[in-house]
Amino acid sequence: MSIRKKLIFSYAAMIAVPILLFGLTIALLGNLLIKDALPGTGGGEGGKAGHSFPLSSIRDLFTGRNELSSGLKFIAEHDPKLLSDQAFLTDTGSKLEEVEAGMIVIRNDEVAYASPGLPTDKILANLSDGRMKAEQPGPPSGDQWETIPFLSPDGSSGKLVIVSDMKPVADFFKRLVPLVLLTLLGALIVTNGLLTYLVSRSIIKPLYALKEAAGQIREGDLNHPVRLRRQDEIGQLGAAFEEMRVRLQASLGAQLELEQGRKELLANISHDLKTPITAIQGCTDCLRDGIADTEEKRQKYVQMIAGKTTEMNRMIEELQLYSTLDTGKLPFHWDTVDLTAYMIQYVNELQLDPRFSGTEVTFTPSAGTRQFLIQADRQKLHRALMNLADNSLQYMNGETKRLQFSLDEEPGGICLLQIRDNGEGIPADALPRVFDRFFRAQSSRSPGKGNSGLGLAIVKQIIEAHGGTTTAVSQPGEGTSIQLRFPAAKKPENGGIQ
């Protein structure tokens, strides 16, 4: 439920609940008080059936009085002889008593009949003053009466005085009204206070949680999730806050990883460049100090300097290439390439390379003559394959060296290119990291290898730029298989290969 709906519901409840309590208070307190004020109502032994709403009893009381009063007025006007009938007077007096009323019949200035319990003397004294009706301003209290003159059949004049006892009704309202008002005031205070507390708590509590989370983030602690479990606007704010925390955490992790990578980069560059520089410095010292006192020794040191310089140049070149690939600034020139024909040409070139003169290099195409078309940059793909071939050549120490290339098709039109060697293999703990930059297994950390640790990282960058993936499968002592997967390209409409 949204905060807007909560507030609307709260305001509605602040009005509806006090009104409901007001009605219940009138019903409950009224039913209790009316039994004392009007004993003839409210049920119980010898009483009339009570009403669920106390004012109904009062309404019935006044209705009964009006009916009897109207009947007596009619009789006084049209049939006054009944006012001389004692049985009629007694029966009517009983009925008037039930509605807290009574009557006095005066004939020839003498009381012919008076209902029991009436203050007859007081009423007669007021009548002698000429007051035909008792008028009580404000709330009704005490007795009220009305005088109706009539003419007896014998020609004598008389008066019919209908008296209503208003004190019970007045006492009832005097007791009910303060209680109802106090109850209404209490209901307003409790309802408004409780609803205000609940609504404000539902808003303030999550805001405090967000404040605490913001303080933790400010202090650099991003490990505490923000879970408000709400569907309103504050819940949406909490979800956005949690997403921000996760992104900050990921960004900080990436930043720390980048910083760690920079440290490793400096350490590896220092290590990889220091070794050939130290060798070159040693050779130049020997030439300068005259230790190489023969032409044969001088040529040996010069060749060593040239080799170390070439090694340094290659490492710097690989570092520049990797940095360009990593920043995405190296341009690619895409062609639709038949991978089968491309690999046949590449393997033929590799077989003529002097470095692979003692290595058995073969290529096994996929069964059938179907073309494998991919989108590729020929030069970048060639560089990746050469890095893989050079890496395999470095770790093939047996008498028979074999480097095998094969091409297969996987479901979904994926082209699988595998490069297998029979070298020393990669340890299982190092296998997941072979494509990381500057990573080298401990056994390959020998200076004689001349390995910069960037070759396979460059391969991964190039293949991923082609939309492919790289995987390494190896068993120590049995060789390594590098698997390259490329998405197939659509065949040109003219059927030609660029």
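All residue numbers in this chain count up from 1 along the given sequence. Note that the coordinates shown come from a computational prediction; the quantities given were computed from them, not determined experimentally.
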For the student: nearest non-hydrogen atoms of [X] and [Y], plus distance:
{"X": "Phe372", "Y": "Glu409", "answer": "CE2-CB, 3.4 Å"}
{"X": "Trp334", "Y": "Ala465", "answer": "CH2-O, 3.3 Å"}
{"X": "Thr340", "Y": "Phe363", "answer": "O-CE2, 4.0 Å"}

With [X], which residues qualify under side-chain hydrogen bond (donor to acceptor under 3.5 Å, both in side chains), at least two apart?
{"X": "Gln299", "value": "Glu295"}
{"X": "Ser481", "value": "Gln418"}
{"X": "Asp353", "value": "Arg355"}

So [Y] and [X], do their side chains get closer than 4.5 Å, heavy atoms only?
{"X": "Glu464", "Y": "Thr469", "value": "no"}
{"X": "Asn422", "Y": "Gln404", "value": "no"}
{"X": "Phe486", "Y": "Gln375", "value": "no"}

With sequence neighbours excluded, residues passing salt bridge (Lys or Arg N to Asp or Glu O under 4.0 Å) with [X]:
{"X": "Lys300", "value": "none"}
{"X": "Lys401", "value": "none"}
{"X": "Arg288", "value": "Asp285"}
{"X": "Arg245", "value": "Glu242"}

List in chain and number order the residues that pass side-chain contact (heavy atoms from CB on, under 4.5 Å) with [X], two or more places apart in sequence or in another chain; answer none if no residue qualifies.
{"X": "Thr309", "answer": "Ile280, Ile305"}
{"X": "Glu360", "answer": "Thr362, Arg402"}
{"X": "Glu410", "answer": "Ile414, Leu416, Arg485"}
{"X": "Leu252", "answer": "Leu222, Gln255, Leu256"}

Ile463 CD1 to Leu381 CG distance, which is reported to the nearest 0.5 Å: 5.5 Å
Any donor-acceptor N or O pair under 3.5 Å, side chains Ser406, Thr364: no
Passing candidate, side-chain contact (heavy atoms from CB on, under 4.5 Å) with Leu484, options Ile462, Leu388, Thr471, Leu339: Leu388
Listed once per pair and sorted, the ring pair (Phe, Tyr, Trp, His ring centres under 6.0 Å) pairs that draw on residues 400-424, sequence neighbours left out: Tyr346-Phe405
